[in-house]
Amino acid sequence: MKITYPHMGPLNIALKTMFSGIGVDIIEPPPITNRTLSLGVKYSPEFACLPLKINLGNFIETLEKGADTIIMLGGVGPCRFGYYGEVQREILKDLGFDFKMIIVEPPHGRLADFFKELSEEFPGIGWQPALKSLIFAIQKIFAADKLEKQLLNYRAHENETGLVTKIYDEYTKLLDESQNKKELDEVLHEGILKMKHNANRINDIQIKVAVVGEIYLLLEAFSNMNICKALNELGVEVTKTEYLSDYLKNSAFKLPQKLEFKKNAKGYLERDIGGHGLNTVANTVKYAKKGYDGIIQVFPFTCTPEIVAQGIIAKIGRDMNIPVMSLSYDENTGQAGYQTRLEAFVDLLARKKMKKI
Amino acid sequence: MSKKVGIPKALLYYNFYPAWKVFFNELGAEVITSGNTCKKIIDDGVKSCVDEACLPVKVFVGHVIDLKEKGVDYIFIPRIVSIEPKKYLCAKFLGLPDMVKCLVPDLPEIIDTKIDLYKNDKSLMREIVRTGKKFVSDKAKIYMGYYKALEMQNKFEGIMKMGFSPNEAIKSLEGEDVKVINNGNLKIALLAHSYDIMDDYICMGIVDRLREMGAFVYTIEMIEKNKIEMGVRKLPKDSFWTYGHDILGAGQYFLDNKNVDGVITVSAFGCGPDSLIEDLLERYYKRDGKIPFMSLTIDEHTGEAGILTRLEAFMDLLRWKKGEIVI
């Protein structure tokens, strides 16, 4: 059995660690490239959202490399994500691939159930090594996310363009390769220090932007055309509001973050509407209150929860006097257009701040 | 003077209007609907909405503005989360009252009754009472209104099962004499959300067009529940959207029983649920290869000629397949 799965932020690092820890063969999805996207777009339904298309591209590339089992998460809606697997399986079948697709349906949408059900697919593997690899995999996710959070700050101050990104890439690779918790902690510590030492530039007007929106678009730099990097290189400190570790914390342990979201969104959106719509609204309020200079929402074209949120956060922007920009992405999105819009937005924020000072 | 409750003639109007009307009438309120969709309503909706919202939502917002201009005391925009256990409606319905409040300024009070039967209906009566209290304080009267509304809903659905479209059923309940010529020799299943095909302005009266061309048209509302369930049982995973479930189930049922000549699906540009549901259905039909299948997409730019040409071509294809047309 050769297992594969789609990319989603640091998920690859984690799943690799977990499966190799229990001795299961995996075929890592190759990095997402334009080929991945073209393949996905070619065979996906036209109005499916970008993540489905990229996922499908991931699957085709790994099936070509010899994978025979795909692991995918299911769901119970109302976001479309819960039905991705069903559609992707039928598309791949029609393309003539011979494979098994394991769609793990989380009965209550909890990650703990996900792992429990997943374990039933691999009989004969003791729970102790499984648990050990699982814990290490989760630690890697947390470490990778911590490193990225620092990156999004320090890169706005890097001594020379591209330097901090280079350090980050190098240390992400070391994180990926680390064999135990001790090594992991050391790598993380060193990586953060090194980024810090290479980021001393002081900006005259320091702008802070929160990037909110749909989780896949936030986690996969390819899908959002690396918006955080583009902002950082314009000298903007960026806070990304969704990380895989947050998702894990929230869905596996049902932490009270959901309550915090509801509290923040009160008066604008009164309930969870699926996907990350509620998070988007709540985070917009949260970061506006925190004194951020601007909010950028990113989401896949045709994503219903985010479209609902888009109308709502525009109102929040007016009420709380904070510029809000919404960007939706599909396969036709051009880099230059987005870069121009980002530059214009950052200009606007700088002027607004200048007046204040 | 009785209070005026405005009900927008869009979205789930086509699924529940008669029941909603009875409920508010029982509470002593007057019910006013918005006008039929027209260019002004669409333009108002498009201007107020975010670009990427689907056409039915833009139309809905246009109708809300129409009601606001009519000077009603309340606008009824329920938050319909779920109308049956373990199934949701599309995400837009979950946030509809919030979204509309943010898009349209200076609205009269919104009645945002929450209907959520996903887990159970415990909260439903509380919401009904909360809504009713805006008009009367007598709980018994509210309960009575609710039961009369349920009765009306059953009656409404019964009429549709006899082959009437939601529009025709609503008209007949309003006391109009509705004659339906639904006896064409070609049977066509028109699988779509009612709000996509019942609004004569946005879908160019597709049901009547097909009938005029000689089709016997089945819409989702005319198909018995047990047939839909039979179809759904064949699927690897049931859809978690109520209307997606109906479209898939009915589509699969007709595919298994071969009792229609053709299937047409209609969806709004960018519709999330339909993008997946229709793709699956189309795959099943292609693999089987026996029943012609056509998908139509509509948005605010859809032209009448385009729709008409495609319907005519589709009907010709079906006739040719039956041997009625020889080339």
Side-chain angles (χ1 to χ4, degrees), chain A residues 43-49 52 74-91 93-94 101 103 105 265-275 277-278 281 297 299-319 326 328 330, chain B residues 48-54 57-58 61 79 81-82 86-105 112 114 116 118 235-242 244-245 248 267-284 286-287 295 297:
Chain A
Y43 300 112
S44 299
E46 187 184 355
F47 292 127
C49 39
L52 183 146
V76 292
C79 162
R80 268 184 279 185
F81 175 76
Y83 221 62
Y84 272 20
E86 295 299 312
V87 177
Q88 289 163 336
R89 185 185 57 225
E90 299 305 309
I91 296 172
K93 251 202 248 169
D94 279 349
M101 191 147 182
I103 302 176
E105 294 291 345
K266 203 155 179 44
Y268 289 105
L269 182 59
E270 303 300 335
R271 63 159 287 130
D272 190 2
I273 53 170
L278 179 67
V281 172
Q297 179 201 19
F299 62 97
F301 179 64
T302 76
C303 171
T304 316
E306 292 296 332
I307 291 172
V308 174
Q310 187 189 355
I312 295 173
I313 65 174
K315 173 98 178 357
I316 298 174
R318 292 194 296 274
D319 290 355
S326 294
S328 77
D330 71 2
Chain B
S48 306
C49 257
V50 293
D51 295 344
E52 286 184 33
C54 62
V57 165
K58 290 174 180 167
V61 171
R79 186 190 301 281
V81 177
S82 165
K86 300 266 169 218
K87 298 242 177 328
Y88 287 108
L89 297 191
C90 162
K92 65 176 178 276
F93 290 106
L94 279 62
L96 194 60
D98 303 314
M99 182 166 56
V100 172
K101 274 183 222 166
C102 285
L103 295 175
V104 189
D112 61 349
K114 187 180 92 187
D116 183 357
Y118 191 84
L235 304 169
K237 179 181 175 180
D238 187 7
S239 140
F240 41 71
W241 301 293
T242 290
H245 159 97
L248 261 183
S267 61
F269 177 86
C271 173
D274 283 359
S275 69
L276 302 189
I277 295 294
E278 287 182 2
D279 183 78
L280 275 185
L281 212 50
E282 194 174 338
R283 271 172 209 284
Y284 298 152
K286 264 191 192 153
R287 284 179 198 167
S295 293
T297 304

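Chain letters run A, B, ... following the sequence lines, proteins first and then strands; every chain starts at 1.
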Roughly how far, to the nearest 0.5 Å, is CG of Asp274(B) from CZ of Phe47(A)?
->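 Nearest 0.5 Å value for the CZ-CG distance: 10.5 Å.
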
How long is the span from the NZ atom in Lys286(B) to the CG atom in Asp94(A), to the nearest 0.5 Å?
->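 The distance works out to 8.5 Å.
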
Measure distances from [X] to the heavy atoms of chain B and classify the residue's part below 4.5 Å as side chain, backbone, both or neither.
X: Asp319(A); answer: neither
X: Cys79(A); answer: backbone
X: Leu52(A); answer: side chain

Give, as side chain, backbone, both or neither, the part of [X] having an atom under 4.5 angstrom from any heavy atom of chain A.
X: Ser48(B); value: neither
X: Val57(B); value: neither
X: Leu276(B); value: both
X: Leu96(B); value: neither
X: Phe93(B); value: neither

So, does Lys315(A) use its side chain to make a donor-acceptor pair with the main chain of Lys101(B) at under 3.5 Å?
-> no

Are the side chain of Asp98(B) and the backbone of Glu270(A) linked by a donor-acceptor contact shorter than 3.5 Å?
-> yes

If you count heavy-atom pairs under 4.5 Å between each of Arg79(B), Glu52(B), Met99(B), Glu278(B) and chain A, which one has the most?
->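 Max contact count across the listed options: Glu52(B).
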
Residues in salt bridge (Lys or Arg N to Asp or Glu O under 4.0 Å) contact with Lys87(B), at least two apart in sequence or another chain | Asp238(B)

Salt bridge (Lys or Arg N to Asp or Glu O under 4.0 Å) partners of Lys92(B), counting only residues at least two apart =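 By the salt bridge (Lys or Arg N to Asp or Glu O under 4.0 Å) rule, Lys92(B) matches no residue at all.
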
Before giving the answer on salt bridge (charged side-chain N to carboxylate O under 4.0 Å, His left out), spell out for Glu90(A) and Arg287(B) the whole-Å C-alpha distance, their side-chain angles and the decisive distance to 0.1 Å.
-> CA-CA 11 Å; Glu90(A) 299 305 309; Arg287(B) 284 179 198 167; 2.8 Å; yes

If you count heavy-atom pairs within less than 4.5 Å of chain B, which of [options] leads?
options: Leu278(A), Ile316(A), Ile91(A), Thr304(A); value: Ile91(A)
options: Arg80(A), Glu306(A), Glu86(A); value: Arg80(A)
options: Ala314(A), Gly277(A), Ser328(A), Pro78(A); value: Pro78(A)

Mind running salt bridge (charged side-chain N to carboxylate O under 4.0 Å, His left out) on Asp116(B) and Arg271(A) for me, showing each step along the way?
-> CA-CA 12 Å; Asp116(B) 183 357; Arg271(A) 63 159 287 130; 3.7 Å; yes

Considering residues, nucleotides and ligands other than Asp51(B), do more than 12 of their heavy atoms fall under 6.0 Å from its CG?
->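 No.
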
Using a cut-off of 6.0 Å, state whether more than 12 heavy atoms not belonging to Lys93(A) lie near its atom NZ.
-> yes

Considering all heavy atoms, the nearest Thr302(A)-Gly270(B) contact =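 Heavy-atom minimum between the residues: CB-O, 3.5 Å.
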
